[in-house]
Number of protein chains: 2
Amino acid sequence: MTMSNTGGRRKPPTIHDVAREAGVSRGTVSRVLNGGHYVSPAAAESVNAAIRRTGYVVNRHARSLITGRSDSVGFLLTEPQERFFEDPNFNVLLRGCTQALAAHDVPLLLMLAGTDDERRRITRYITAGHVDGVLLVSSHSGDPVAEELRAAGVPLVACGKPIGLGSKVSYVAADDRDGARDMVRHLLALGRRRIGVVTGPPDTPGGVERLAGYREVLAEAGVEADERLVVSGDYSRASGEAGAERLLARVPDMDAVFVASDLMAQGVLTALQRSGRRVPEDVAVGGFDDSPAAVAASPELTTIRQPWDRISTEMVRVLLAQIGGEDPAAVILPTELVKRDST
Amino acid sequence: MTMSNTGGRRKPPTIHDVAREAGVSRGTVSRVLNGGHYVSPAAAESVNAAIRRTGYVVNRHARSLITGRSDSVGFLLTEPQERFFEDPNFNVLLRGCTQALAAHDVPLLLMLAGTDDERRRITRYITAGHVDGVLLVSSHSGDPVAEELRAAGVPLVACGKPIGLGSKVSYVAADDRDGARDMVRHLLALGRRRIGVVTGPPDTPGGVERLAGYREVLAEAGVEADERLVVSGDYSRASGEAGAERLLARVPDMDAVFVASDLMAQGVLTALQRSGRRVPEDVAVGGFDDSPAAVAASPELTTIRQPWDRISTEMVRVLLAQIGGEDPAAVILPTELVKRDST
DNA sequence: TTCTCTACTGTGAACGCTCACAGAAGCATG
DNA sequence: CATGCTTCTGTGAGCGTTCACAGTAGAGAA
């Protein structure tokens with residue numbers, strides 16, 4: 001592409017101008033700019049005043065050219081973009097990351113890898129070192145772009161445990177298993193004993209961990225496992241509806257269902273009500289995510305809230321640390337049971 | 001902030017390496033990279049082969065340092081971020097802009113101006129020339145950040161007509177007035193004559209233009225204007241409900257309402273149904289936006305669709321043109337009537 | 001031949017910054 | 001008094017490009 005500088009903008013002051021203005025050398029100005037070690041208070045003061053007077057802003061390109069880093073990070077979304085952009089949690093995540101990065105003066109580059117062409121371009125862009133690190137939102141495991149970045153040694157922080165990638169990848173995730181435990185304990189505390197579950201797909205962290213939490217709590221409560229009470233969906237509303245129907249057909253006197261997503265839970269509610277059952281009197285329903293679907297449902301869903309705001313700040317913290325040379329890290333954040341009307 | 005290069009990444013090949021590999025000079029490689037004018041086919045071929053072999057990617061920082069442009073643009077959202085991030089149309093816009101820019105190999109920097117601190121930082125960042133232009137999403141008119149950018153001569157394209165800013169600002173917008181005309185004509189064609197309107201706030205383009213379209217069509221159809229049929233809301237569902245109640249109190253035999261947003265239209269439906277009126281038999285309701293609220297409503301809303309995908313690509317096109325030296329431009333795009341069950 | 005014109009190629013300088021290094025000054029220690 | 005150490009400062013080099021300019025070769029015209 002061609003971009004020519006359009007008129008109107010004066011060329012900004014350089015570090016040279018500031019140095020002259022402050023009566024010091026370029027080196028001293030640079031030192032003030034980067035931490036201010038080994039500068040006398042008098043010089044620092046003089047430089048700062050000159051910066052204020054001239055309105056100087058560092059030229060990041062020149063700095064990047066010599067340091068080799070870009071002081072910017074990419075926010076990479078691979079796979080089905082519609083689904084993510086429609087997900088309010090994703091929006092919270094994107095917003096949170098942008099703001100957390102802004103606090104460190106690090107710009108966020110939004111990268112959407114939809115087509116193969118985009119994947120190639122983005123991979124090249126990142127591995128060429130045009131960003132220092134990547135915040136990764138990838139639904140399915142074993143993402144090729146992510147794998148390539150990991151192999152290239154690009155600092156990477158995933159959102160949710162990346163199943164496919166090696167253990168060398170940092171990630172930040174909600175404690176799915178513990179959230180599931182909380183919900184099932186809650187259902188038990190209500191006196192329910194024939195508790196069904198509609199899990200997510202077996203290749204998603206949510207699917208695996210949430211089901212595991214369910215099983216753990218039932219086992220430790222001495223409730224005997226009944227595999228007829230376990231079905232799985234694909235996080236869609238329709239699959240929740242179908243799942244609930246299968247459960248009802250197998251275990252008509254089921255008195256509670258733990259559903260691995262709010263959207264599926266909406267489908268479960270529909271199926272239950274169509275079968276003439278009252279919620280929560282006959283069957284209690286617990287969701288997961290605390291999405292808008294939870295309050296849009298009737299009755300409003302009891303659900304598990306994931307701390308998306310904290311997830312975003314933690315992702316940024318871990319990524320910046322890793323860019324700074326620290327080792328990859330995994331952060332698991334606690335969830336919260338939100339009690340509403342469906343239990 | 002401090003970022004040190006973490007191990008693992010080799011330093012990438014430079015234009016020098018490519019030149020040596022291809023047996024030509026840096027200048028020739030550079031010419032191939034930028035358009036390929038004044039290079040012999042043989043040299044071009046040789047350079048391209050060398051680029052492929054070495055996996056060379058241009059160092060944008062070095063290029064930017066000398067050209068003075070960054071080859072990147074900012075996507076700036078000022079004002080209430082929650083509202084925008086929850087708006088699916090905003091998500092389509094953000095996604096569309098990112099993809100359209102990616103096709104030109106231009107990265108998009110997401111900038112959220114929430115706090116005053118962020119506003120300052122972003123303004124400095126942009127006016128320092130760290131982006132070549134800005135895609136602006138600003139709800140209210142006379143935004144101070146936008147005004148400052150305009151004054152600094154930064155190429156700017158707004159989404160929706162910016163009322164406060166001077167005429168020197170490019171913008172891309174849907175044809176609000178024509179959309180409103182279509183809807184009111186549609187209501188007239190259904191035989192309705194006592195058509196109410198719930199407009200948006202008078203300081204929003206949507207509010208002003210949509211009301212104007214309504215008035216125009218009624219006038220040209222020879223229906224006498226009745227100011228009792230005009231109320232305004234703030235785009236919220238509650239304000240739609242309140243507006244409908246006021247309309248019904250003033251004109252009980254109103255037989256249609258044109259509502260300036262789908263969300264408000266939901267409120268209008270609620271109020272109508274509570275008053276015992278059937279939609280569309282007694283009162284036809286037309287919305288605006290074609291948001292998910294439109295299909296979530298019952299009955300599903302007839303509404304006006306704004307071409308958000310085209311708006312995003314046009315914004316990018318106009319911005320890049322302006323960065324390339326062209327004059328600011330205004331683009332108005334046609335809307336579309338989406339007929340559903342509420343009329 | 002000689003000159004001009006076109007098509008192409010190479011070279012040095014510059015963009016604005018950081019970094020390594022050398023040096024100066026002040027102060028304590030041998 | 002020399003020596004070392006610490007704190008501070010200035011200087012030159014160089015990061016990887018593009019750009020202006022100079023230069024070459026070949027074709028065609030005078």
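Sequence lines set the chain letters: A, B, ... in the order given, protein chains first and strands last, and positions in each chain run from 1.
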What residues from residues 47-55 of chain B pass a heavy-atom cutoff of under 4.0 Å to DNA chain D?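 Those residues: none at all.
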
Between [N] atom [atom2] and [X] atom [atom1], what is the distance in whole Å?
X	N	atom1	atom2	value
D71(B)	dT18(D)	CG	P	10 Å
L65(B)	dA14(C)	CG	P	14 Å
R63(A)	dC15(D)	CZ	P	19 Å
R69(B)	dC19(D)	CZ	C1'	12 Å
H61(B)	dG16(D)	NE2	C1'	11 Å
R20(B)	dG16(D)	CZ	P	12 Å
I15(B)	dC19(D)	CD1	P	11 Å
I66(B)	dC17(C)	CD1	P	15 Å

Output the distance between atom CD1 (I323(A)) and atom CG (D132(A)), rounded to the nearest 0.5 Å.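 I323(A) CD1 to D132(A) CG: 5.0 Å, rounded to 0.5 Å.
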
To the nearest 0.5 Å, what is the distance between CZ on R53(B) and CG on D17(B)?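 Going from the CZ atom of R53(B) to the CG atom of D17(B) covers 12.5 Å.
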
Do any side-chain nitrogens or oxygens of N59(B) fall under 4.0 Å of OP1 or OP2 in dC15(D)?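 Answer is no, no contact under 4.0 Å.
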
Cationic N near anionic O, under 4.0 Å, [X] to [Y]:
X	Y	value
E147(A)	R150(A)	yes
D117(A)	R121(A)	yes
R317(B)	E314(B)	yes

Would you say E148(B) and T123(B) are linked by a side-chain donor-acceptor pair, where the criterion is simply a distance under 3.5 Å?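 Judged by distance alone, the side chains do not pair up.
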
Between E21(A) and T54(A), do the side chains contain a donor N or O and an acceptor N or O under 3.5 Å apart?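 No - no donor-acceptor pair under 3.5 Å links their side chains.
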
Show your working on side-chain contact (heavy atoms from CB on, under 4.5 Å) between T313(A) and W308(A) and close with a plain yes or no. CA-CA 9 Å; T313(A) 55; W308(A) 288 104; over 6 Å; no

Protein proximity profile, nucleotides 6-11 of chain C - base contact B, sugar-phosphate-only contact S, no contact -, cut-off 4.0 Å on heavy atoms: --BBBB

Determine the sole option in L94(A), T98(A), L136(A) for which the side chain to side chain contact (heavy atoms under 4.5 Å, CB included) test with F75(A) is passed.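 For F75(A), the side chain to side chain contact (heavy atoms under 4.5 Å, CB included) test succeeds with only one of L94(A), T98(A), L136(A), which is L94(A).
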
